[in-house]
Amino acid sequence: MLTEVTTKTNLYNVIQEKQFYWWIGHVIVVFNGLFYFSSVLSLNSNPIYYRIAYLGAILSYAVVIYNSIGLNNRDIDINLFCDENVHYLAIAFYWYSYQPIADQRIQSFTDNYHKSALYYVAYTEVTIIMSRLILGVISFTTSILALIVYIHFLRLRYYISPQTREAVHMTSHQLDQWFIYTYKGTHSPVDNARIVLSNIYISIKKMIIKYGDIKSYVSLKTTRD
């Protein structure tokens, strides 16, 4: 019981200290600053954290200024306005009163480039990363499990992202142009090799379509001997 009373007394004494509110202001700045910058990096900035962070700065500088002049000190002269803490308080209040510059720039960037960035990411996922994993599996430098997991990831992305769907369709169309061979009636070694390669490609594509259940988007064209 005595310990509990002592703890409450110590806590009460701490709360009475001006330094406690100075410390609270710093805590508010640090945590809300981290939350705000995290939201900026996620392209979904939240100005509430920005304003609360500056409120914390205002609180800290107000405590410092209050401590320097004292509650009952009425001899406040022009020298007070030369105090750098007063300058910082004014700057903090100024930025608190304005919309974050980062918000404006992020909004402008989002309006102008967000759609293009989504398509860039989608094509990177479908072509570059997938090619790297396939080459890694072929060269035994990447686990086949990584490729399986990534294929499943792309399958989910295909259904939820229109950019990924377009990237898959465009990539599929380009691969068709490269690998599907139209037989021309000759039996040269080159023609035979291209027919074999075309059949392998078509078989792999059929398996992918079956796994992804995307039959309505891709048509297979082939002429066989």
Side-chain angles (χ1 to χ4, degrees), residues 31-50 99-184 190-191 193-224:
F31 281 96
N32 284 277
L34 290 174
F35 292 150
Y36 173 68
F37 283 114
S38 297
S39 69
V40 169
L41 293 176
S42 67
L43 299 181
N44 188 25
S45 59
N46 190 335
I48 293 177
Y49 297 131
Y50 171 90
Q99 182 181 0
I101 294 177
D103 279 1
Q104 300 172 3
R105 291 180 178 177
I106 289 294
Q107 183 63 44
S108 175
F109 175 84
T110 300
D111 292 342
N112 294 326
Y113 302 107
H114 183 57
K115 187 175 181 180
S116 299
L118 288 177
Y119 279 105
Y120 174 79
V121 170
Y123 276 94
T124 300
E125 291 174 345
V126 173
T127 58
I128 298 176
I129 298 179
M130 176 62 78
S131 299
R132 171 63 183 84
L133 287 173
I134 293 174
L135 291 175
V137 170
I138 294 173
S139 61
F140 301 103
T141 59
T142 302
S143 170
I144 192 172
L145 180 61
L147 179 61
I148 294 172
V149 171
Y150 190 73
I151 289 174
H152 185 66
F153 163 77
L154 278 186
R155 180 176 182 270
L156 297 177
R157 291 282 295 164
Y158 180 88
Y159 284 106
I160 65 176
S161 170
Q163 291 81 17
T164 300
R165 282 197 296 273
E166 179 173 327
V168 169
H169 300 160
M170 294 299 295
T171 303
S172 174
H173 177 73
Q174 185 61 57
L175 291 175
D176 287 352
Q177 301 298 312
W178 289 344
F179 292 109
I180 294 182
Y181 177 64
T182 302
Y183 180 59
K184 299 179 179 179
V190 174
D191 288 326
R194 294 187 65 180
I195 291 172
V196 171
L197 180 62
S198 178
N199 290 338
I200 293 173
Y201 168 75
I202 291 170
S203 298
I204 293 174
K205 188 173 181 180
K206 283 181 177 179
M207 288 189 295
I208 294 174
I209 293 173
K210 184 177 181 180
Y211 172 74
D213 194 22
I214 53 176
K215 298 177 183 178
S216 59
Y217 290 101
V218 184
S219 61
L220 293 175
K221 299 179 180 179
T222 182
T223 302
R224 303 193 181 192

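One is the number of the first residue; the rest follow in order along the sequence. These figures come from a predicted structure and were not determined experimentally.
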Would you mind reporting whether [Y] and [X] have side-chain heavy atoms less than 4.5 Å apart?
X	Y	answer
Leu175	Lys205	no
Arg194	Phe179	no
Ile148	His152	no
Val126	Met170	no
Arg157	Glu125	yes
Thr124	Tyr120	yes
Phe35	Asn46	no
Val121	Gln163	no

Distance, nearest 0.5 Å, that separates [atom1] of [X] from [atom2] of [Y]:
X	Y	atom1	atom2	value
Tyr158	Phe153	OH	CZ	15.5 Å
Leu154	Ser161	CG	OG	10.0 Å
Ile202	Ile180	CD1	CD1	5.0 Å
Leu133	Ile138	CG	CD1	11.0 Å
Thr171	Met130	OG1	CE	10.0 Å

Taking all heavy atoms of [X] and all of [Y], pick out the closest pair and write down the distance.
X	Y	answer
Val137	Ser143	CG2-O, 4.0 Å
Arg165	Tyr159	NH1-O, 3.2 Å
Ala146	Thr142	CB-CG2, 4.1 Å

Which residues satisfy the side-chain contact (heavy atoms from CB on, under 4.5 Å) test with Leu34, sequence neighbours excluded?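 Result, side-chain contact (heavy atoms from CB on, under 4.5 Å) vs Leu34: Val30.
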Check whether any side-chain N or O of [X] sits under 3.5 Å from a backbone N or O of [Y] as a donor-acceptor pair, and report yes or no.
X	Y	result
Tyr119	Thr164	no
His173	His169	no
Ser139	Gly136	yes
Ser172	Val168	no

Margin query: Show, in sequence, the C-alpha distance, side-chain angles and deciding distance for Tyr150 and Ile129, and conclude whether the side-chain contact (heavy atoms from CB on, under 4.5 Å) test is met.
Written below: CA-CA 9 Å; Tyr150 190 73; Ile129 298 179; 3.5 Å; yes
- Message: Under a 3.5 Å cutoff, is there a donor and acceptor pairing between the side chains of Tyr201 and Asp176?
- Response: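 Result is yes, a qualifying pair exists.
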(Q) Counting only heavy atoms not in Leu156 (residues, nucleotides, ligands), do more than 12 fall under 6.0 Å from its CG? (A)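 Atom CG in Leu156 is crowded, with more than 12 foreign heavy atoms closer than 6.0 Å.
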